[in-house]
Chemist: 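Input: one structure, supplied below.
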Amino acid sequence: MTNPARVRVAPSPTGDPHVGTAYMSLFNKALADTTGGQFLLRIEDTDRSRYVADSEQQIFDALAWLDLTPHEGPHVEGPVGPYRQSERLPKYKEAAEQLLKEGKAYKCFCTSERLATLRKIQQAEKSKHIGYDGLCRGLSEDEVKAKEAAGESFVVRFKMPREGDIQVEDFFRGTLKFTAAEQQDAVLLKTDGFPTYHLAMAVDDHAMGITHVIRAEEWIPSLPLHFELYRAFGWEAPVFAHMPLLRNKDKSKISKRKNPTSLLWYRDAGFLPEALRNFLSLMGFSMADDQEIFSYEEFLKQFKLEKVNIGGPIFDLQKLHWLNGEYIRALEPTELEKRLVEYVKLLMHREKEFADLPEEELPTEQFLRDFEQKRRTRSRVLAQLAPQMMTAYETNPKLMLPIIPLIRERMHTLGEAADYLPMFFSDEFSYTPDDFVQKKCTLEQAKTALGAMREIVESADFNDPEAAHAQMDETSRAKAEELGMKLGPFLGPVRMAITGSKVSPPLMESMLVLGKDETLKRLDNAIAKLA
RNA sequence: GGCCCCUUCAUCUAAUGGUUAGGAUACGGCCCUUUCAAGGCCGCGAUACGGGUUCGAAUCCCGUAGGGGUCACCA
């Protein structure tokens with residue numbers, strides 16, 4: 001049996017909650033949950049210039065939305081807090097002083113101007129080693145004192161070993177070998193007294209009892225630094241497991257311009273959290289029996305860190321789209337009703353956010369481009385419909401449920417409800433007579449069909465929906481045949497009259513949901529329009 | 001460019017040295033059908049390349065190529 005793992009995710013509150021944070025959270029939490037350990041959230045807010053005020057709350061909400069709530073964190077009381085680095089400053093200062101005292105770090109008075117110039121020269125010379133040249137590493141005690149006395153500001157840099165190799169184990173890759181001489185003396189403490197990520201991470205992971213650092217591959221280059229930092233403090237290093245990076249379609253690291261990265265985007269587009277979570281677990285992991293749709297609990301039954309596939313997976317929105325549709329269809333109608341109502345409320349009063357994107361800002365990838373355009377239109381439709389829909393729903397709570405079975409197998413995202421929902425709440429259609437002329441249906445035939453359908457509806461008993469459906473279906477077929485038409489073309493104008501569109505949920509069912517009066521009204525409206 | 005990582009269908013992936021290289025998405029076709037879907041069936045489609053090791057390699061080793069990450073007082 002494995003020992004309980006204490007793991008963490010450590011995002012910085014610099015913007016929208018990132019899909020990569022969710023991805024890392026999922027695998028970290030899975031390790032904690034399969035070993036009886038804990039998954040912590042630590043906020044890495046040591047960069048004051050990039051700090052975004054409500055970002056932290058967003059991160060927490062997004063994780064909760066995905067049901068990946070941490071066991072400990074700023075919002076969940078835990079034994080090793082605070083879980084916000086800005087509240088742990090003395091610990092970092094103390095750690096830096098310890099290294100300073102032991103001669104494992106040094107004060108560096110180089111200005112950012114000198115550093116910039118240095119970098120420029122190195123680049124111009126095509127120098128192999130680009131980075132800090134270690135100038136202040138050789139400063140004598142007196143020189144340091146003099147500079148301090150003169151009020152020169154300084155950073156604290158770590159003395160990296162300069163000879164030999166630095167070998168570090170990666171859980172997936174085995175031993176990773178780095179040349180010490182190529183490493184640089186990283187900054188541990190900035191001029192403003194805040195630690196850099198490197199120092200804070202080591203201090204906190206140690207203090208918080210972190211056993212496994214499961215993080216993205218992009219951290220591998222700083223692995224030797226982190227390892228040496230642990231060594232300098234005399235602490236046992238955690239297990240490092242570098243997960244692959246989520247990728248854009250062109251295989252580059254997932255980025256805003258090429259792929260939605262904000263978890264808020266997925267929520268706003270109407271993806272279900274459990275579907276997104278499921279999809280994310282498919283990135284680098286697969287179930288033994290080829291199962292692709294599974295709950296978190298099922299995932300845990302098979303989860304093993306060593307089963308993770310390390311090749312960088314491309315985030316395929318199209319597959320998520322399919323998976324989300326599967327989840328929507330698997331929902332109980334009452335549950336889907338609930339989600340839909342919540343979703344519509346979420347969009348309410350937000351029309352302005354969903355204005356069309358100018359051509360040049362649209363993503364270039366075809367599927368995403370189309371989806372994003374439609375998504376904005378749909379969001380606007382629902383946002384506008386929301387007030388009257390909610391009023392109608394609150395007046396008559398039984399309104400929504402019968403609609404669900406008609407629309408759910410046509411949806412892949414909650415947002416796609418916008419394509420089918422409006423007709424149930426409004427009969428103000430913008431059709432023209434031309435819209436009634438369709439394939440294999442002339443204007444005259446359309447008029448006749450509408451009139452015929454009016455009679456059919458009139459004589460149906462809507463109080464017995466099943467019988468009414470059967471009867472309307474039967475008589476429609478008979479009437480169509482009598483008119484020498486196929487059923488499809490015969491129903492075309494009727495569909496336009498009832499739904500205002502050539503594409504809609506099944507007609508008879510829709511009419512039954514609308515009720516006899518409304519159905520007749522709509523038929524009359526259409527007949528009047530064509531007169 | 002230096003360093004490091006990665007490499008099975010277009011995409012996500014399976015295959016503990018022996019499989020007709022399997023599944024899913026997407027795509028194409030057929031069926032179902034009241035439009036659109038959903039669903040069912042069928043099809044298309046991969047071990048990057050070159051050397052080894054081995055009776056036998058997608059699998060182990062070496063090289064090449066390609067892709068990616070990273071080179072901040074950001075994380």
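Throughout, a chain's letter reflects where its sequence line sits, starting with A, and its residues are numbered from 1.
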Chemist: Less than 6.0 angstrom separating the ring centers of H226(A) and Y197(A), yes or no?
Modeler: yes

Chemist: For the pair made of CG in L176(A) and C1' in U70(B), what is the distance, rounded to whole Å?
Modeler: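 It is 13 Å, rounded to the nearest whole Å.
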
Chemist: At under 4.0 Å, does any side-chain N or O of N309(A) touch on OP1 or OP2 of U7(B)?
Modeler: no

Chemist: Between the base of G23(B) and the side chain of D289(A), is one N or O donor paired with an acceptor at under 3.5 angstrom?
Modeler: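 Side chain to base: no pair below 3.5 Å.
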
Chemist: Any side-chain N or O of K253(A) less than 4.0 Å from the OP1 or OP2 oxygen of U70(B)?
Modeler: yes

Chemist: What's the gap between A26(B) and C55(B) when it is taken at their C1' atoms, as a whole Å value?
Modeler: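 One C1' to the other, the span is 41 Å.
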
Chemist: At 4.0 Å (heavy atoms only), tell me whether L320(A) reaches a base, stays on the sugar-phosphate, or touches nothing.
Modeler: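 No contact.
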
Chemist: Of the nucleotides C73(B), U13(B), C6(B), which one has an atom closest to the side chain of K190(A)?
Modeler: C73(B)

Chemist: In whole angstrom, give the distance that lies between atom CG of N278(A) and atom C1' of U13(B).
Modeler: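 So the two atoms are 14 Å apart, to the nearest Å.
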
Chemist: Regarding G284(A), tell me which of base, sugar-phosphate or nothing describes its non-hydrogen contacts under 4.0 Å with the strands shown.
Modeler: sugar-phosphate

Chemist: So do D170(A) and T175(A) actually touch side chain to side chain, heavy atoms under 4.5 Å?
Modeler: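 No, their side chains stay 4.5 Å or more apart.
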
Chemist: Using whole Å, report how far CD of E113(A) lies from P of A72(B).
Modeler: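 After rounding, the gap between these two atoms is 16 Å.
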
Chemist: For C55(B), what is the paired nucleotide under Watson-Crick or G-U wobble rules, both distances under 3.5 Å?
Modeler: G18(B)

Chemist: Decide yes or no, distance alone: a donor-acceptor N/O pair under 3.5 angstrom between the base of C74(B) and the side-chain of R50(A).
Modeler: yes

Chemist: In the strands shown, is C27(B) matched to any nucleotide by a Watson-Crick or G-U wobble pair with both distances under 3.5 Å, and which?
Modeler: G43(B)

Chemist: From the options C12(B), C71(B), G22(B), select the nucleotide whose nearest atom is closest to the side chain of Q184(A).
Modeler: C71(B)

Chemist: Looking across every strand, which nucleic acid part, if any, lies under 4.0 Å from R247(A) by heavy atom: base, sugar-phosphate, or nothing?
Modeler: sugar-phosphate

Chemist: Is NZ or CZ of R247(A) both nearer than 6.0 Å to the six-membered ring centre of F315(A) and within 45° of the ring axis?
Modeler: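 Output no; distance or angle outside limits.
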
Chemist: Respond yes when some side-chain nitrogen or oxygen of T14(A) is under 4.0 Å from OP1 or OP2 of A75(B), and no when none is.
Modeler: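 For A75(B), neither OP1 nor OP2 has a side-chain N or O of T14(A) closer than 4.0 Å.
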
Chemist: Can you give one letter per nucleotide of nucleotides 32-50 of chain B, 5' to 3': B if a protein heavy atom sits under 4.0 Å from the base, S if only from the sugar-phosphate, - if neither?
Modeler: --BBBBSS-----------

Chemist: Write down the distance separating the C1' atoms in C41(B) and C61(B), rounded off to the nearest Å.
Modeler: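 So the two C1' atoms sit 45 Å from each other.
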
Chemist: Just the rounded figure in Å: distance from C1' of U70(B) to NE2 of H226(A).
Modeler: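 One finds 12 Å between C1' of U70(B) and NE2 of H226(A), rounded.
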
Chemist: What nucleotide, of A75(B), A14(B), C73(B), holds the atom closest to the side chain of R119(A)?
Modeler: C73(B)

Chemist: Taking only side-chain N and O atoms of R157(A), does any of them lie within less than 4.0 angstrom of OP1 or OP2 on C73(B)?
Modeler: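 Yes, within the criterion.
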
Chemist: For a quick test of reading the model: is some side-chain N or O of T46(A) closer than 4.0 Å to OP1 or OP2 of C74(B)?
Modeler: no

Chemist: Consider the side chain of S252(A), meaning its heavy atoms from C-beta on, and name the nucleotide among A72(B), G68(B), U13(B) that approaches it most closely.
Modeler: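 The answer is G68(B).
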
Chemist: Roughly, in whole Å, what's the span from CG in D204(A) to C1' in A75(B)?
Modeler: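 Roughly 13 Å, once rounded to whole Å.
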
Chemist: Reckon V155(A) touches a base, only the sugar-phosphate, or nothing at all at heavy-atom distances under 4.0 Å?
Modeler: base

Chemist: How would you label the contact of K177(A) with the nucleic acid (heavy atoms, under 4.0 Å): base, sugar-phosphate, or nothing?
Modeler: sugar-phosphate

Chemist: Does a salt bridge link E87(A) with R84(A), judged by any charged N lying under 4.0 Å from a carboxylate O?
Modeler: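 Yes, E87(A) and R84(A) are salt-bridged.
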
Chemist: Would Y431(A) and F436(A) count as a close aromatic pair, with their ring centres under 6.0 Å?
Modeler: yes

Chemist: Kindly point out which of C6(B), U25(B), A75(B) is positioned nearest to the side chain of D47(A)?
Modeler: A75(B)

Chemist: Is there a side-chain contact between F172(A) and L305(A), using heavy atoms and a 4.5 Å cut-off?
Modeler: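 Result yes, sub-4.5 Å side-chain heavy-atom pair found.
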
Chemist: Starting from P on G2(B), measure out to CD on E182(A) and report it in whole angstrom.
Modeler: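 For the pair E182(A) CD and G2(B) P, the rounded distance is 11 Å.
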
Chemist: Say we look at G29(B) and U70(B): how far apart would their P atoms be, to the nearest angstrom?
Modeler: 42 Å

Chemist: For A58(B) versus A21(B), give the span between their C1' atoms, rounded off to a whole number of Å.
Modeler: 8 Å

Chemist: If you check the L282(A) side chain, which of C4(B), G68(B), C12(B) turns out closest?
Modeler: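 Among C4(B), G68(B), C12(B), the one nearest the side chain of L282(A) is C12(B).
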
Chemist: By nearest nucleotide on RNA chain B, pick out whichever of G311(A) and E44(A) is the more 5' one.
Modeler: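 Nearest-nucleotide comparison on RNA chain B picks G311(A).
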
Chemist: Side-chain contact, heavy-atom cut-off 4.5 Å: F299(A) with F285(A)?
Modeler: yes

Chemist: If C32(B) has a Watson-Crick or G-U wobble mate with both distances under 3.5 Å, name it; if not, just say none.
Modeler: none

Chemist: Taking only the P atom of each, what is the distance from U64(B) to A72(B) in whole angstrom?
Modeler: 28 Å

Chemist: Given that both distances must come in under 3.5 Å, which nucleotide forms a Watson-Crick or G-U wobble pair with C4(B)?
Modeler: G68(B)

Chemist: CD1 of I254(A) versus C1' of U11(B): gap in Å, rounded?
Modeler: 14 Å

Chemist: Quick check: on RNA chain B, is the nucleotide nearest S286(A) upstream (toward 5') of the one nearest Q318(A), or the reverse? Name the residue that is more 5'.
Modeler: S286(A)

Chemist: Is R277(A) positioned over the aromatic face of Y296(A), cation under 6.0 angstrom from the ring centre and no more than 45 degrees off axis?
Modeler: no

Chemist: Counting Watson-Crick and G-U wobble pairs only, both distances under 3.5 Å, name the nucleotide matched with A38(B), or none.
Modeler: none

Chemist: Which one, C73(B), U70(B), G68(B), comes nearest to the side chain of K251(A)?
Modeler: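 Of all the options, the side chain of K251(A) is nearest to G68(B).
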
Chemist: Identify whether any heavy atom of E292(A) sits under 4.0 Å from a base atom; if not, whether one sits that close to sugar-phosphate; answer base, sugar-phosphate or nothing.
Modeler: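 If one applies the 4.0 Å heavy-atom cut-off, E292(A) turns out to touch a base.
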
Chemist: How far, in whole Å, is C6(B) from A10(B) if one measures between their P atoms?
Modeler: 22 Å

Chemist: How far, in whole Å, is C60(B) from U53(B) if one measures between their C1' atoms?
Modeler: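 Going atom to atom, C1' in each nucleotide, I get 8 Å.
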
Chemist: Is it the case that C73(B) (base atoms only) and T191(A) (side chain only) share a donor and an acceptor within less than 3.5 Å, ignoring hydrogens and angles?
Modeler: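 Such a pair is found, so the answer is yes.
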
Chemist: I want to check something: taking the side chain as every heavy atom from C-beta on, are Y23(A) and S25(A) in contact at a cut-off of under 4.5 Å?
Modeler: no

Chemist: What is the distance from CD1 of I121(A) to C1' of G1(B), rounded to the nearest Å?
Modeler: 18 Å

Chemist: With a non-hydrogen cut-off below 4.0 angstrom, is G312(A) in contact with a base, only sugar-phosphate, or nothing?
Modeler: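 Sugar-phosphate contact only - G312(A) comes under 4.0 Å of backbone atoms but never of a base.
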
Chemist: Give me the one residue out of W322(A), F279(A), Y266(A) that meets ring pair (Phe, Tyr, Trp, His ring centres under 6.0 Å) with F271(A).
Modeler: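 Between F271(A) and the candidates, ring pair (Phe, Tyr, Trp, His ring centres under 6.0 Å) is satisfied uniquely by Y266(A).
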
Chemist: Using Watson-Crick or G-U wobble geometry with both distances below 3.5 Å, tell me the partner of C74(B), or none.
Modeler: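 No nucleotide pairs with C74(B).
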
Chemist: Quick one, T448(A) with Q445(A), criterion side chain to side chain donor-acceptor pair (under 3.5 Å). Give me CA distance, side-chain angles, the key distance, then yes/no.
Modeler: CA-CA 5 Å; T448(A) 315; Q445(A) 284 175 312; over 6 Å; no

Chemist: Are F371(A) and H321(A) close enough that their ring centers fall under 6.0 Å?
Modeler: yes

Chemist: Just N and O in the side chain of K307(A): are any of them under 4.0 Å from OP1 or OP2 of A14(B)?
Modeler: no

Chemist: Which value, in whole Å, describes the distance between the C1' atoms of nucleotides A46(B) and U54(B)?
Modeler: 25 Å

